[in-house]
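Below, chains carry the letters A, B, ... as their sequence lines are ordered, and counting in each starts from 1.
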Number of protein chains: 2
Amino acid sequence: MTSPELGISTVERETGLSKDTLRMWERRYGFPQPLRNRHGERVYPPEQVGKLRLISRLIDRGLRPRELAGATLEELMARVTATEGAPEPLGAAADNTLLLETTLDLLAAYDAAGLQSHLSRTLQRLGLLRFILEFVAPMNVQVGAAWARGALAVSQEHLYCEQMQHQLRQGIGTIYPGARAPSVLLTTLPGEDHQLGVLMAHACLALEGVRCVSLGIRTPIGDIASAAHRHGVEVVGLSFSKAFRLKTALAMLGDLRAQLPPSVEIWAGGSLWARPSHLPGEIRFISRLELIPHEIAEFCRRRRTAPSSPA
Amino acid sequence: MTSPELGISTVERETGLSKDTLRMWERRYGFPQPLRNRHGERVYPPEQVGKLRLISRLIDRGLRPRELAGATLEELMARVTATEGAPEPLGAAADNTLLLETTLDLLAAYDAAGLQSHLSRTLQRLGLLRFILEFVAPMNVQVGAAWARGALAVSQEHLYCEQMQHQLRQGIGTIYPGARAPSVLLTTLPGEDHQLGVLMAHACLALEGVRCVSLGIRTPIGDIASAAHRHGVEVVGLSFSKAFRLKTALAMLGDLRAQLPPSVEIWAGGSLWARPSHLPGEIRFISRLELIPHEIAEFCRRRRTAPSSPA
DNA sequence: ACGTATAATTGTCCAGGACAGACTATTCCC
DNA sequence: GGGAATAGTCTGTCCTGGACAATTATACGT
């Protein structure tokens, strides 16, 4: 039987805060204040881990740890809703509110077969593009929000991702491969497990007739660079979920940029880039899936203007 | 422009070895021996990082770092080929040798489109069941062996898994869901990333008309137990790749067994169980995919003999 | 041969110190 | 007063060197 308390390694994984940072906060701000096991090692109660998760999210939004460390759980929640906006209106998605609600209900009921059927029918009814833009994307936000406030178990989130992935692949499989515009290598960086982002991008790109090569998730940076060369692609596309640490992402993107020849562009997409911030110009950030066609057009324009002539 | 040398954080990402481990190896074995930047921080030359990557892989195979740290690059390469034993006869798979060779060739050529097409045609030609038993399973062995001896880059292995996954899901998607025999919850334990095993099992089970609920990979044990209850399944099916630690697997399976009601069976499959060893009897180990129909029949027989009567 | 006690190996944790880079506030000059 | 330059604060990451639990190998007795 495992005790509910977590070691520092587990907390690092759960919160995304490095061991060094956890120890430093304890030293400087007095929070977190883990217990110690008989061996003198830090042991974090679950409620502190939850608080850390919240703080971690707020810091990504630009807040400072000093003040957050002393805040109560209620204050943090208030801060989250304040920075993150309303608790997900759900009415924003035009006419698809019912579809979203039905999905959440099926998930809540652990109705795997019903969910499968519902997703499949929705895909066929809307068509792949509208399925993604009007259903999957807002649905991901809903599921993420439900997960963040503890309304969804791990297994329910897994079930959702698995079945949605299945539908997206069904959709992608029916697209006859094109050979237009830029050829794109798709994957995520190490630490980013969320596959749906890659699949949605894959579908949107394939629907534009673009040649896509997907490497799945978590490809080391060096391997991305060499694969880009071997596959002869013009663009490396990366997906980042909201959970990914902004600083880490920028650092790794910088590394990758340095390892790729200048002729290969980097396109970074995903909910991480939804809110504005100072971003380097050598990488193209695509905040919404709707912008993909525009981005492709821009690419073609750039290439026409300045034909491939590396210094 | 970043210099070709890498900081300790980058090396941690690239090799999967923690900062602590890197420093400890340096202290104990004198390798790696990074340079220092003007600020006294470790700076690793690329060749040392490559060596570290090799060592890291060999340690996964069960070798000890003490001896590996002092070895030359050549010795390490030799060790890699040695640990895998013979370079996989390849002739064992009856008439499908050509199919396997073609796949390896396409992978070696980084021909994503050709691979996609080849896999798709093979699936349609053989049919889903023979595709899995006669092609995917031996192919996985080949890819695993090629990867172990360094003949395959990370990105090639990713490409293979991604595209094979795509085909398997295409196949599964065409099966009309059944409701026979035991209902099965499918997933892998935390630490096991290999998705193909789950998908192959899913397909084989679905082809027998069994109701399957897949949670994808890496579901925490507690969540598996609660999900099994909420989904009302009679069997929890888990897949284990050869890379998974045997002891870890058995310990986790014991935990899971304790958390599940006795009426729910555990079926453990995957290449980890291919070689014989002392296995607990409270869990059913399925060493080959071919045995799944037999296992289903056995299940039905057991249930007929002792109808569901939990205390 | 087999099980057990002992020794070596190995990864992770700890404490406390240092410092670069980012951000903030203040000063100073035009 | 506006804007640039300066000093000051905040924060994360890296450093050293020590400790120990868990695993794995070796020696030993029966």
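Look at A/Ser18 and you'll find a side-chain N or O under 4.0 angstrom from OP1 or OP2 of D/dT13. Taking 4.0 angstrom as the limit, B/Arg66 places none of its side-chain polar atoms (N or O) nearer than this to OP1 or OP2 of D/dA25. In this model, the phosphate group of C/dT10 is not approached by any side-chain N or O of B/Thr21 to a distance below 4.0 Å at OP1 or OP2. Residue B/Arg64 places no side-chain N or O under 4.0 Å from the OP1 or OP2 atom of C/dT9. At the phosphate of D/dT16, OP1 or OP2 sits under 4.0 Å from a side-chain N or O atom of B/Arg42. Remark: B/Ser9 is not in phosphate contact with D/dT13, judged by side-chain N or O atoms under 4.0 Å from OP1 or OP2. Listed pair A/Tyr29 / D/dC10 fails the phosphate criterion, with no side-chain N or O lying under 4.0 Å from OP1 or OP2. Within the 4.0 Å cut-off from OP1 or OP2 of C/dT12, not a single side-chain nitrogen or oxygen of A/Lys19 is found.
Using a 4.0 Å heavy-atom cutoff across all strands shown, A/Arg245 reaches no nucleic acid atom at all.
One can place CZ of B/Arg13 at 12 Å from P of D/dT13, the figure rounded to the nearest angstrom. For the pair A/Ile8 CD1 and C/dG11 C1', the interatomic distance rounds to 15 Å; values are reported in whole Å. Atom CG of B/Leu52 is separated from atom C1' of C/dG11 by 15 Å (rounded to the nearest Å). Whole-Å rounding puts the B/Arg36 CZ to C/dC19 P distance at 15 Å. One interatomic measurement links the two molecules: OH of A/Tyr44 to C1' of C/dC14, which rounds to 11 Å at whole-angstrom precision. Distance, A/Glu26 CD to D/dT11 C1': 16 Å, rounded to whole Å. Here the C1' atom of nucleotide C/dT12 and the CD atom of A/Glu12 are 11 Å apart, to the nearest Å. One can place CG of A/Leu22 at 13 Å from P of C/dA15, the figure rounded to the nearest angstrom.
Toward the 5′ end of DNA chain C lies the nearest nucleotide of B/Glu67, the other residue of the pair A/Thr10 and B/Glu67 mapping further downstream.
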Which is it for B/Glu14 and B/Leu52 under the side chain to side chain contact (heavy atoms under 4.5 Å, CB included) test, yes or no, and what are the steps along the way?
CA-CA 9 Å; B/Glu14 294 283 320; B/Leu52 283 170; over 6 Å; no

Residue pair B/Ile8, B/Glu41: steps toward the side chain to side chain contact (heavy atoms under 4.5 Å, CB included) verdict:
CA-CA 8 Å; B/Ile8 196 171; B/Glu41 295 174 356; over 6 Å; no

So B/Lys19 and A/Asp20, salt bridge (charged side-chain N to carboxylate O under 4.0 Å, His left out) or not? Walk me through it.
CA-CA 11 Å; B/Lys19 298 190 234 293; A/Asp20 272 330; over 6 Å; no

Start with the C-alpha distance between B/Ile266 and B/Val235, add both sets of side-chain angles, then the distance that settles side chain to side chain contact (heavy atoms under 4.5 Å, CB included), and finish with yes or no.
CA-CA 6 Å; B/Ile266 300 177; B/Val235 171; over 6 Å; no

After noting the C-alpha distance and the side-chain angles of B/Glu192 and B/Ser241, does the key distance pass the side chain to side chain donor-acceptor pair (under 3.5 Å) rule?
CA-CA 7 Å; B/Glu192 173 61 74; B/Ser241 76; 3.1 Å; yes

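Figure legend: A/Arg288 and A/Trp273 shown without cation-pi pairing, the cationic atom not lying both under 6.0 angstrom from the six-membered ring centre and within 45 degrees of its axis.
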Give the B/S/- string for nucleotides 17-22 of chain D, one per nucleotide from 5' to 3', where a protein heavy atom under 4.0 Å of the base yields B, of only the sugar-phosphate yields S, and otherwise -.
BBBSS-

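The backbone N or O of B/Thr72 sits less than 3.5 Å from a side-chain atom of B/Glu75, completing a donor-acceptor pair.
A side chain to side chain donor-acceptor pair (under 3.5 Å) with A/Glu265 holds for exactly one of A/Arg302, A/Arg257, A/Arg284; it is A/Arg302.
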